[in-house]
Amino acid sequence: MHKNIFENYRFSNFPFDDTQMQDLRDGLVFDHRQARISLHGMPMLLLHTNSLSSFRHELIESLGIAKARKLLFRMGQQAGTQDAQVVIKLRSDLSEEDFLMGGPQLHNFTGMTLCKPVKTEINVSKGLFYMEVIWQRSTEAELHIEKYGNENPFPVCWMQLGYASGYASVVMGRPVLYKEAACQGQGDKHCLIIGKLADDWDDDEDGIFSTACDHSGHHPLHSTCDSFEAEGIETPFSPDIVGTSDAFSIVNHQIKKISLTNVTVLFQGESGVGKELFARQLHDLSPRKNEPYISVNCAAIPEDILESELFGVEKGAFTGAVRSRSGRFERANGGTIFLDEIGLLSYSAQGKLLRVLQEFEFERLGGEETIKVDVRVIAATNEDLYSLSHNEHSFRKDLFYRLNVCPIYIPPLRDRASDIPLLMNFFLKKYCKKYNKKITGFTNNTVRALMSYQWEGNIRELENYIERCIILTDNNKAISIDDFPSFRNATKYQAPPPPLSDIAKLSKDIKQLVTTLTDQQASPYKEDLETPESQPASTHSLEQQCHQIFNLIKKEKGSIDDAVDMIVNCAMEEAHGNITEAGRMLGMTRARVAHRIKSIGDDKLQEPVNSSS
């Protein structure tokens, strides 16, 4: 195909020195006792290439090239995003280019391909990115050639392109798209990939890149719901709905399937995940899209006027009712009514709502005529309605089951890490336009901080932060986290603190448990623990203390992970940062303790860790 494309490139047996990859290799742990493999705390698997080949082949044959390409691209994109988050922690103090090189190095390390970066231009603050990489051996191309030969009319390394795109998007804090300029699957000697910001690609340039987009002409990084057009369904996706993660795609698929029905839908998820946007999207995809869409915030309606607000009122029904007025259900007739914050309705108000959801008929307040309506009901809540109805009895069971016909869970932003660069880029453009600002992008430190932060307020919190930064940042500058100390301090922690109201008491008891473990030299691999009688009178037995810790965690609504993290923390404190000694106290191997420390985060340990121990 492009036989001379590699003439200007020099090849080497291996592009990276061993020292450049040492930090990546040090984190690989094989724990045969627990049947776990991890890379810097991230669970991994060894997978036969034949299994991947069979899966890939069946995917192509059952779904077709276009859908298989899209799914494999997303699969790779998720892996690239996760690996980038690992490298953020390992290379937080290194340059953006060293951070970027972690992707090709991990690609080499994991056996996917032999990467040789040949040209790199990157400036995160100015929003500049260009990269050329040669793959001297592509596993994915080899698997495709086994099944289909090497004369394919399109590039075939879809999963690896997704990996490169996902990884580089985290580095830049905005969507990056890689495409293949040459591919072994097309008869070329090697694969050559070129990466640029997604906005910088011109799909009308050399047709060599056109197959990297899906069949509808959209980049895989754009919000989509898998070719509605091919099935004759219009796709009026809201421009405010952005994402490509698997969690985001699952929600879109669910909405697609139920959009043509009239089934009641209950959106669940934390505050700020975009439940109302998805509710509106569901309406816009349904046959009711040209009919009314009425939104009701249940938490904002006082109980004494709820009935008149929802069902209307007749003139003279009460003092001040000088005219008849229709309610929200009546105004939504033929369309959709969205009941937001449904979990905050009072118990008596829930009973008033139940009948209309069952029969879709009601009388106005003070009226005698029964009014029937044809309304689709969509509800949303950030509460656990099942627990509220079954345990705390603050939500009616019959209303819960009436609403819970088709529940859709919208995941929090921390479970959609690959969507963060897209959202950052989207909000950057949105608010630069709104406030007529010219902001070049985000600094390297800012990108890493935003990717590491837990976003308890989800997309709403991210949007508010970027809007505030754009307002306060001078034109022609990049958003720098150093200019916003309050957020910089918040990003120190990789996870929110344990949800315990009495952490001090819990920590004290756990320290006593660690002391008991140390005194008894307890080990999960020993059966000769000392009896309770052999302990000092002032020390409870191990079993009693375990019961105490369990009861305290249950009382304070904590979790076993909270307790384990605190136990490891206490052991490290007792051992003065010596990982081997802490492992001896707890009856754990040094590797397991080190793995647990990585999951906790070094900054949350009370004593600095001596890595040489």
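This is a predicted model, so every value here is computed, not measured. Heads up: numbering here begins at 1 and tracks the sequence.
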Look at atom [atom1] of [X] and say whether more than 12 heavy atoms of other residues, nucleotides or ligands are closer to it than 6.0 Å.
X	atom1	answer
Lys147	NZ	yes
Asn436	CG	no
Met75	CE	no
Glu58	CD	no

Distance (rounded to the nearest 0.5 Å) between [X] [atom1] and [Y] [atom2]:
X	Y	atom1	atom2	value
Ile37	Met42	CD1	CE	12.5 Å
Met424	Arg174	CE	CZ	8.0 Å
Arg91	Leu100	CZ	CG	10.0 Å
Trp135	Leu192	CH2	CG	9.5 Å
His283	Lys289	NE2	NZ	10.0 Å
Leu472	Lys477	CG	NZ	11.5 Å

For [X] and [Y], does a side-chain donor sit closer than 3.5 Å to a side-chain acceptor?
X	Y	result
Tyr167	Gln77	no
Asn458	Glu270	yes
Asn252	Ser249	no
Arg25	Gln22	yes
Glu276	Ser295	yes
Asp83	Tyr163	yes
Thr139	Arg137	yes
Thr443	Thr446	yes
Glu180	Tyr178	no
Ser271	Arg460	yes

### Message
Quick check on side-chain contact (heavy atoms from CB on, under 4.5 Å): which of Phe442, Tyr453, Phe99 does Arg448 satisfy it with?
### Response
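The option that passes is Phe99.
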### Task
Kindly determine whether Arg414 and Glu456 satisfy salt bridge (Lys or Arg N to Asp or Glu O under 4.0 Å), including the steps that lead there.
CA-CA 8 Å; Arg414 57 184 171 274; Glu456 293 182 48; over 6 Å; no
### Task
May I ask you to say whether Asp340 pairs ionically with Lys275, meaning some side-chain N is under 4.0 Å from a carboxylate O?
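Salt bridge absent between Asp340 and Lys275.
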### Task
Give a yes or no on whether a salt bridge exists between Lys437 and Asp474, defined as a side-chain N under 4.0 angstrom from a carboxylate O.
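A salt bridge is absent here (no side-chain N lies under 4.0 Å from a carboxylate O).
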#### Entry: Chi angles and distances behind the salt bridge (Lys or Arg N to Asp or Glu O under 4.0 Å) call for Glu463, Lys430
CA-CA 10 Å; Glu463 179 176 9; Lys430 176 180 178 180; 3.1 Å; yes
### Task
Apply side-chain contact (heavy atoms from CB on, under 4.5 Å) to the pair Gln78 and Asp246, showing each step before the final yes or no.
CA-CA 8 Å; Gln78 300 304 312; Asp246 55 344; 3.8 Å; yes
### Query
Among all residues two or more places apart in sequence or in another chain, which pass the ring pair (Phe, Tyr, Trp, His ring centres under 6.0 Å) test with Tyr148?
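Tyr148 satisfies ring pair (Phe, Tyr, Trp, His ring centres under 6.0 Å) with His57, His144 only.
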### Task
Measure from NZ or CZ of Arg56 to the centre of the six-membered ring of Trp158 and say whether it is under 6.0 Å with the direction within 45° of the ring axis.
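So Arg56 does make the cation-pi contact.
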